[in-house]
Number of protein chains: 2
Amino acid sequence: MAKENALTSLVNEGEIKPSQRRSLSEETADKLRELILLEKLPPGMHIPERDLAEVLGISRTPMREALRILESQGLVDHTPTRRSRVANPSVDELAQSMKVLATLEALAGELACTHASDSQITTIAALNQCMVEKSEVMSSIDFFKTDMNFHTSIVAASGNAALVDTHAKYNARLWRARFLSSRRKLGRATTLQQHQDITTALQDRNVADASRAMRDHIETAIENLFMTRDKQESFE
Amino acid sequence: MAKENALTSLVNEGEIKPSQRRSLSEETADKLRELILLEKLPPGMHIPERDLAEVLGISRTPMREALRILESQGLVDHTPTRRSRVANPSVDELAQSMKVLATLEALAGELACTHASDSQITTIAALNQCMVEKSEVMSSIDFFKTDMNFHTSIVAASGNAALVDTHAKYNARLWRARFLSSRRKLGRATTLQQHQDITTALQDRNVADASRAMRDHIETAIENLFMTRDKQESFE
DNA sequence: TGTTGACACATGGTATACCAAATTATGAAA
DNA sequence: TTTCATAATTTGGTATACCATGTGTCAACA
C-alpha cells in the first residue's frame, strides 16, 4: 500500500544505529522524535503502531512504549478513540507551553544564582562567548544547538532535579518551534544581547536580574512565534 | 447512527455501560498510586512486575504501562538495571519538587487573573468559603481534598493546558507529602488565611498579589515539610 | 438516490512465550 | 571461614498471538 511505501522510504534515508544500553523503546522514541521534528512525520498524521513498527523492524511492544514517551513530551497525542497521531499544536498552544517554559527557566536562573558552582558559571559564560564570537560563521542549526546547550546548562546549574526533568520535556516539545523562532534574522542580535544579560546576572549572582533576564528571553521567543505566524520573513 | 430503533434502546437502557473508555493500564496506575500513597507499597520497595501483575490478576503488559505512568509522575524510579521500585524521595528532593510546584502555581494565579471567567472565580471563592466554614468539622482527609480541589480549580482557570497537565503530574508526585504537611495542626489556620489572600487577589484580578499569594502558600508548605522532618508534632 | 444495516477489516488493548541480562545460590579452593 | 567462579533462578525487554471495538464498504431497501 502507498502508506507503507512512504514510510519505508524514510527509514532508508537515515542510518540505523545499534546501541549498547538503551532499550529499543528509547531508541525508537528518539528516531520518531527526529522524524517528527523534521516533519517526515507531519503534524496531524495518524500513526498506526503496527505498520510503523514493521517499517522500523521492531515489534509493537517497544513501539507502543516509544509512543507513550513521546506522548508524555507532548509530541504525540491521542484521538478520542485512542489512535496515535503526531501532535499539531496551534500557535496559541505553543505559546502556552512557552509561557510555562519561561517560568521554569526564570526559576532556573534564580536557583542557579545561589546553587551553581563557579565552574558551572564559567562553562555557561564560555557558551555565551562562543555564540558571540562565532555567530557570523555558525549555521542556523549549530547556533541553535549551542543556544539550547546554554539554556540547558543553566537549568542543570540550578541543582533541582525535578526542574531539570520537566524542563527537558518542555524542550523536547518545543524544539521545533524554538528552532523556527531562532532562525529569524532579527532574532540573533537580540538573542546575543539577552544571553549576555543572563550571563552577567549569573556571574553577579543577582537573583532578581537572572530571573527576569531568563523570563524576558523566552517571552521574546513567544513574540517571535506570533510574528512568524503573522508574516513570512526572510531567513538566513 | 444517531437514530436507534425502539427495541435496541429498550434493551440497552439501564443495562449497558456506554463504553469502557478506561484501559487496564490506567486503572492499574490508579490502584498502584493509591497503594503507594497509603504505603501499602512502601518507599524503596522493589516491584517485580510479574508478581504484582499476577496479584492484581492482569498480565505484564498493562502493568508495565502503569509503571511507566507512575514513573512519569515521579512515584516510581528505576534502578540502574531497570528494576522498578517505589520512589523514596528525600525531604530535599520533595522540597525541590515543591519549589517547582510553587512556581507553577504562581504562574497559574497570574494567568487566572486575566483569563478566568467570573463563574470560575465564583467557584474558587465557594471552595474557599467551604473550607472556612467547615474547617472545624471536616476530617483531615476531606479538608485536604477540598484544599487540593481549590488549587486545581485555580490552575484550570489559568486556561493553560500545558500548565494544567504539568501541575497534575506534580500534584500526583507530591500528594502524600502535601497531605502530611496539611495534617499539622498549626497549618490549618495559616492555610485558611493564605487561601483567603489568594481568593481576594483573584477576585480583584490583581496579578502581582495572586502570583505572590500562590507562591507564598506553597513556600509555607515547604517549610512545614522540613519542620515535620525535624520534630514530631501532634496531629489531629 | 439516499439511508440503513450488516459484514469485513483495521487498529489498539491484553495475554503469553521466549530471550538476554542480572541477581542469587552454590560449592570448591584457598 | 572466606572468596570467587559458576550454575540456577529471577527479572525485565521483546516478539507474537488473540481479542474487542471502532471504522469503512456496499448491498438492500424506501
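Sequence lines set the chain letters: A, B, ... in the order given, protein chains first and strands last, and positions in each chain run from 1.
- Distance from the side chain of B:Arg82 is smallest to D:dG12 among D:dG12, D:dT14, C:dG12.
- Residues of residues 53-77 of chain B having a heavy atom closer than 4.0 Å to DNA chain D, listed by number: B:Arg60, B:Arg64, B:Arg68.
- Counting only distance, with no hydrogens or angles, the side chain of A:Gln120 and the backbone of A:Ser117 share a donor-acceptor pair below 3.5 Å.
- Residues B:Arg33 and B:Asp30 are paired through a salt bridge, judged by an N-O separation under 4.0 Å between the basic side chain and the carboxylate.
- Residue B:His78 contributes atom NE2, which lies 15 Å from atom C1' of C:dA21 at whole-angstrom precision.
- A:His46 has its side chain within reach of A:Thr79: a pair of non-hydrogen atoms, C-beta onward, lies under 4.5 Å apart.
- Checking D:dG13, D:dT23, C:dG13 against every side-chain atom of A:Arg83, the shortest atom distance belongs to D:dT23.
- Residue A:Glu49 contributes atom CD, which lies 16 Å from atom P of D:dA17 at whole-angstrom precision.
- In the set D:dT14, D:dG13, C:dT23, the nucleotide with an atom closest to the side chain of A:Ser25 is D:dT14.
- Distance, B:Glu26 CD to C:dG13 P: 9 Å, rounded to whole Å.
- Checked against the 6.0 Å centroid threshold, A:His151 and A:His167 do not count as a close aromatic pair.
- By the 6.0 Å and 45° rule, A:Arg173 stacks over the aromatic ring of A:Tyr170.
- Residue B:Leu52 is classed as having no contact, given no heavy-atom separation below 4.0 Å to the nucleic acid.
- The distance from atom CE of B:Met131 to atom OG1 of B:Thr146, rounded to the nearest 0.5 Å, is 6.0 Å.
- Following rounding to the nearest Å, B:Glu27 (CD) and C:dT14 (C1') show an atom-to-atom distance of 13 Å.
- Rounded to whole Å, the distance from CZ on A:Arg22 to C1' on D:dT14 is 17 Å.
- Note: CZ (B:Arg85) to P (C:dT23) measures 11 Å, nearest angstrom.
- With C:dA22, D:dG13, D:dG22 as the candidates, the nucleotide lying closest to the side chain of A:Thr81 is D:dG22.
- Other residues, nucleotides and ligands contribute more than 12 heavy atoms inside 6.0 Å of the CD atom of B:Glu26.
- Atom-to-atom, CZ of A:Arg50 to P of D:dA15 comes out at 15 Å; the value is rounded to the nearest Å.
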